[in-house]
Amino acid sequence: MKNTVIFDLDGLLINSEMISFQLYCDLTAMYGQRMSLEQYIHDYSGRTELYNMQTLIKTYQLPISTQEGLAFAARKEKEYFRQGVDLKQGALELLSYLKKHQYQILLASSSSKERAQGVLSQNGIAAFFDYMVFGSEVKRGKPEPDIFIKACEYAKESPQNCLVLEDSEAGIQAAYAAGIDVICIPDMKEPGREFCNMAAAKLSSLEDVIGWLKKRNSSLRKNIIRLQ
């Protein structure tokens, strides 16, 4: 029986992808270049900040170092975050349901602790989480399973009792490698078929997770009754 739910942050709980797109547009515009939303979705969505900045500089031939680009992006993101970052549809309702029904709730994000806790507090949902795991706490980031293995250790639960909610290919692959059932909830970029096949389910939004949990738990109860 699932009793622990592990959330990704960017693109899953918060609508941060549009902010990332906007700050990359800001950076390229400084040098007379223009990035389209289609280019962002195809080449940058769901990838690491380091990979994205290296690719951005190379693609648009920007006369800056990777560190300068990352520093610009961090400053710009803070400006946008201060203006507010929206929760994804159904996030608050799902967190409330899980807390009411005594699930353990965890965050497993490649984000920094300060950034993640700041945006969760800004939206009034930080208190829902029993534990949080960040990229700095593990040696290998997604798609390696380290961050989800660490989350299970924090929760003191086996992977079989946990459920991961993810939007990205790297996150889905990481959860699958950790032996944890994962629900794919795509954001801007639709994960490839091979990644969707790794998922226990693919849902359109966080709103659908409650129904999935209810249906799954009902099926498990019926199976238990039959065995008795």
Side-chain angles (χ1 to χ4, degrees), residues 1-15 46 87-111 116 120 123 125-135 137-138 141-187 189-224:
M1 187 75 71
K2 302 296 183 187
N3 56 28
T4 300
V5 179
I6 305 169
F7 286 80
D8 177 42
L9 180 64
D10 290 282
L12 189 281
L13 260 180
I14 62 171
N15 193 19
L87 292 177
K88 295 300 287 286
Q89 189 174 353
L92 184 57
E93 292 80 2
L94 175 57
L95 289 167
S96 299
Y97 173 87
L98 295 175
K99 185 62 71 174
K100 179 180 178 182
H101 290 84
Q102 300 181 323
Y103 285 83
Q104 285 197 93
I105 305 173
L106 285 84
L107 183 79
S109 171
S110 301
S111 174
L120 295 179
N123 282 285
I125 61 171
F128 281 102
F129 293 89
D130 298 294
Y131 303 100
M132 298 184 189
V133 190
F134 304 102
E137 298 179 55
V138 294
K142 302 171 186 177
E144 300 300 333
D146 301 32
I147 197 165
F148 292 125
I149 293 172
K150 177 70 74 173
C152 290
E153 291 173 358
Y154 277 12
K156 294 182 173 60
E157 284 294 343
S158 67
Q160 290 76 18
N161 292 336
C162 298
L163 176 69
V164 167
L165 305 180
E166 268 284 358
D167 66 295
S168 71
E169 292 179 345
I172 293 167
Q173 189 174 348
Y176 183 82
I180 307 172
D181 284 343
V182 54
I183 291 179
C184 169
I185 304 174
D187 187 30
K189 184 177 181 180
E190 187 79 14
R193 181 178 297 177
E194 64 177 299
F195 298 97
C196 290
N197 288 340
M198 295 178 186
K202 177 184 167 188
L203 304 177
S204 60
S205 79
L206 292 172
E207 288 181 310
D208 300 324
V209 176
I210 295 174
W212 186 90
L213 284 169
K214 288 180 177 178
K215 184 177 180 180
R216 186 182 186 280
N217 290 340
S218 176
S219 296
L220 286 174
R221 291 191 194 98
K222 288 178 181 177
N223 288 335
I224 292 171

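- Here the closest heavy-atom approach between residue Ala108 and residue Ile147 is recorded as C-CD1, 3.9 Å.
- Looking only at side-chain heavy atoms (C-beta outward), Leu94 and Ile210 come within less than 4.5 Å of each other.
- A salt bridge links Lys2 with Asp181: the closest approach of a Lys/Arg side-chain nitrogen to an acidic carboxylate oxygen falls below 4.0 angstrom.
- The only option from Leu213, Ile172, Leu163 that meets the side chain to side chain contact (heavy atoms under 4.5 Å, CB included) definition with Ile183 turns out to be Leu163.
- Judged by distance alone, with hydrogens and angles left aside, the side-chain atoms of Gln104 form a donor-acceptor pair with the main-chain N or O of Ala155 at under 3.5 Å.
- We find the NE2-NZ distance between His101 and Lys214 to be 6.5 Å, quoted to the nearest 0.5 Å.
- Rounding to the nearest 0.5 Å gives a distance of 4.5 Å between CG of Leu206 and CD1 of Ile185.
- The two atoms that bring Phe134 and Ala116 nearest to each other are CE2-CB, 3.5 Å, heavy atoms only.
- The backbone N or O of Gln89 lies less than 3.5 Å from no partner atom in the side chain of Glu207, so there is not a single donor-acceptor pair.
- Tyr103 and Tyr97 have tilted rings, their planes meeting at an angle from 30° to 60° on a 0 to 90° scale.
- To the nearest 0.5 angstrom, Leu203 atom CG is 8.0 Å from Trp212 atom CH2.
- We find the CG-SG distance between Asn3 and Cys162 to be 6.5 Å, quoted to the nearest 0.5 Å.
- Shown here are the salt bridge (Lys or Arg N to Asp or Glu O under 4.0 Å) partners of Asp208, two or more places apart in sequence or in another chain: there are none.
- Taking CD of Glu153 as the start and OG of Ser158 as the end, the distance is 12.5 Å to the nearest 0.5 Å.
- Annotation: the span from Asp130 atom CG to Tyr154 atom OH amounts to 13.5 Å, rounded to 0.5 Å.
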Starting from the C-alpha separation in whole Å, work towards a yes-or-no answer on side-chain contact (heavy atoms from CB on, under 4.5 Å) for Tyr176 and Val164.
CA-CA 9 Å; Tyr176 183 82; Val164 167; over 6 Å; no
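- Heavy-atom minimum distance, Ala178 versus Pro145: N-CB, 3.6 Å.
- Here the shortest heavy-atom pairing between Lys150 and Val138 reads CB-CG1, 4.2 Å.
- A heavy-atom distance below 4.5 Å is not found between the side chains of Phe195 and Glu166.
- Residues meeting the side chain to side chain donor-acceptor pair (under 3.5 Å) test with Asp10, sequence neighbours left out: Ser16, Arg115.
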Walk me through whether Lys88 and Asp167 qualify under salt bridge (charged side-chain N to carboxylate O under 4.0 Å, His left out).
CA-CA 12 Å; Lys88 295 300 287 286; Asp167 66 295; over 6 Å; no
Evaluate the side-chain contact (heavy atoms from CB on, under 4.5 Å) criterion for residues Leu13 and Asn123: first the C-alpha distance (whole Å), next the side-chain angles of each, then the deciding distance (0.1 Å), finally the verdict.
CA-CA 11 Å; Leu13 260 180; Asn123 282 285; over 6 Å; no
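- Not one N or O on the side chain of Lys142 forms a donor-acceptor pair closer than 3.5 Å with the backbone of Ala170.
- With a 4.5 Å cut-off on side-chain heavy atoms, Phe128 and Leu92 count as touching.
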Go through Leu120 and Leu107 one step at a time and tell me if the side-chain contact (heavy atoms from CB on, under 4.5 Å) criterion holds.
CA-CA 10 Å; Leu120 295 179; Leu107 183 79; 3.9 Å; yes
For side-chain contact (heavy atoms from CB on, under 4.5 Å), just list the numbers for Ile14 and Leu87, CA-CA rounded to whole Å, side-chain angles, deciding distance to a tenth of an Å, and then say yes or no.
CA-CA 4 Å; Ile14 62 171; Leu87 292 177; 4.1 Å; yes
